[in-house]
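Okay, so here's the structure we're looking at.
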Amino acid sequence: MSFTRKLLAWYARNGRDLPWRSTRNPYAILVSEFMLQQTQVSRVLEYYPRFLRRFPTIEKLALARPKAVMEQWDGLGYYARAKNLHKLARVVSETCNGRLSDQPEELQQLPGVGRYTAGAVACFAYEKSVPTVDTNVRRVLTRVFAKSELGMQNAELWDLASRILPKDGKRAWRFNQALMELGALICTARKPKCPECPVKNVCIAGRKGVRIRSPRFAHPE
């Protein structure tokens, strides 16, 4: 598929070196995903290593006092995320021997974990071929594949993401990361950099010269 080839080639050259991309540790990836919910990457880069130094394993987090967890989260905002992450750590430590599942359906049963985060842990930690449709991916898929007059609904986007996702786990990891990176750096919400886009020749919005608004959805979690 031309879209996939172009996207992966672009990501190989332009993907940012982010700490959660250099690990397959499920807990470390889970922490990054909780922090990245509604928070800019630059902000998370400040808190992420500090949090993991204080709570290096899910067991350490489970044993921590709520006050200690909130102190490490202080300033990051959306504090319900910290409470849910702490609650999740206790559940996993007590019922799963401290191991996060590699199955999205099981991960979604945990506190604070929705479809996106479950897919992110399964794909980015365990290299499972499952879609990860966050806000950036929604925007890219809507603009590249949607009919300009109609846009796409949430269920359609998840179905599309599943159909175009490579079946090989390692390739799926790169593909999902690349989709999110394209939305973060090029296919931005307000001022997309269409001339720089690696998939502009296969993008419906780009070819027609129209601006498809990213559909409004509730937060995936």
Side-chain angles (χ1 to χ4, degrees), residues 11 15-128 130 132-137 169-170 172-174 176-181 183-185 218-221:
Y11 179 72
R16 289 171 292 179
D17 182 17
L18 301 174
W20 44 88
R21 288 180 176 163
S22 62
T23 182
R24 295 296 185 273
N25 182 307
Y27 167 65
I29 289 169
L30 180 76
V31 170
S32 74
E33 292 299 341
F34 266 71
M35 287 187 171
L36 287 164
Q37 293 171 16
Q38 303 181 22
T39 301
Q40 292 183 342
V41 168
S42 59
R43 190 72 167 155
V44 175
L45 285 171
E46 176 185 349
Y47 280 79
Y48 178 72
R50 190 167 64 202
F51 191 91
L52 288 181
R53 283 195 298 270
R54 179 66 177 82
F55 310 112
T57 66
I58 201 165
E59 292 86 357
K60 290 285 188 181
L61 180 59
L63 292 171
R65 293 182 178 180
K67 182 180 179 181
V69 176
M70 297 307 291
E71 285 176 350
Q72 291 300 313
W73 202 276
D74 187 40
L76 196 57
Y78 298 99
Y79 294 98
R81 294 178 297 173
K83 294 177 181 178
N84 280 330
L85 182 59
H86 192 202
K87 188 185 302 182
L88 180 155
R90 289 181 168 178
V91 170
V92 172
S93 293
E94 293 170 3
T95 64
C96 306
N97 296 317
R99 183 187 183 277
L100 285 164
S101 173
D102 62 356
Q103 299 300 313
E105 296 79 9
E106 294 179 6
L107 289 165
Q108 285 188 70
Q109 303 305 310
L110 297 172
V113 176
R115 188 173 183 180
Y116 164 74
T117 298
V121 172
C123 181
F124 301 147
Y126 297 107
E127 295 185 349
K128 297 282 186 177
V130 293
T132 56
V133 183
D134 70 349
T135 301
N136 286 325
V137 172
K170 292 185 182 297
W173 185 99
R174 294 194 299 273
N176 281 332
Q177 293 283 2
L179 272 180
M180 290 191 291
E181 196 77 332
L185 301 181
H219 192 270
E221 312 303 67

- prompt: So which heavy atom on Arg21 is nearest to which on Gly15, and how close?
  reply: NH1-C, 4.2 Å

Heavy-atom closest pair, residues Ala62 and Ala89: CB-O, 3.5 Å

task: Look at the side chain of Arg81 and the backbone N and O of Leu76, then say whether any donor-acceptor pair between them is shorter than 3.5 Å.
output: yes

query: What pair of heavy atoms forms the shortest contact from Phe34 to Leu88, and how long is it?
result: CZ-CD1, 4.1 Å

Least distance between heavy atoms, Cys123 atom then Trp173 atom: O-CD1, 3.5 Å

Side chain to side chain donor-acceptor pair (under 3.5 Å) against Gln103, all qualifying residues, sequence neighbours excluded: none

query: Can you tell me how far the CD atom of Glu33 sits from the OH atom of Tyr116, to the nearest 0.5 Å?
result: 3.5 Å

- prompt: Would a distance-only check, ignoring hydrogens and angles, find a side-chain to backbone donor-acceptor pair under 3.5 Å from Tyr47 to Asp74?
  reply: yes

field: Any donor-acceptor pair under 3.5 Å from Ser22 side chain to Pro19 backbone
entry: yes

message: Given 3.5 Å as the limit, does a donor-acceptor pair link the side chain of Asp134 with the main chain of Asn136, or not?
response: yes

message: If I compare all heavy atoms of Val113 with all of Ala118, which pair ends up nearest, and what's the gap?
response: CG1-N, 3.7 Å

Within 6.0 Å of OH in Tyr78, more than 12 heavy atoms from elsewhere: no

- prompt: To the nearest 0.5 Å, what is the distance between CG (Leu30) and CG (Asn25)?
  reply: 10.0 Å

- prompt: Hey, is the main chain of Ala28 close enough, under 3.5 Å, to the side chain of Tyr48 for a donor-acceptor pair?
  reply: yes

statement: Rounded to the nearest 0.5 angstrom, the CG-CD1 distance for Leu63 and Ile58 is 11.0 Å

- request: Determine, for Phe51 and Arg54, whether the Lys NZ or Arg CZ falls below 6.0 Å from the six-membered ring centre while staying within 45 degrees of the axis.
  value: no

query: Is a side-chain N or O of His86 found less than 3.5 angstrom from the main chain of Ala64, in a donor-acceptor match?
result: yes

message: I'd like to know if the side chain of Glu181 reaches the main chain of Arg16, judged simply by a donor and an acceptor atom lying under 3.5 Å from each other, with no hydrogens or angles considered.
response: yes

Straight-line distance of Gln72 CD to Leu85 CG, nearest 0.5 Å: 12.0 Å

message: Just verifying a value: how many Å separate Leu107 CG and Tyr126 OH, rounded to the nearest 0.5 Å?
response: 7.5 Å

Distance (rounded to the nearest 0.5 Å) between Ile29 CD1 and Leu100 CG: 10.0 Å

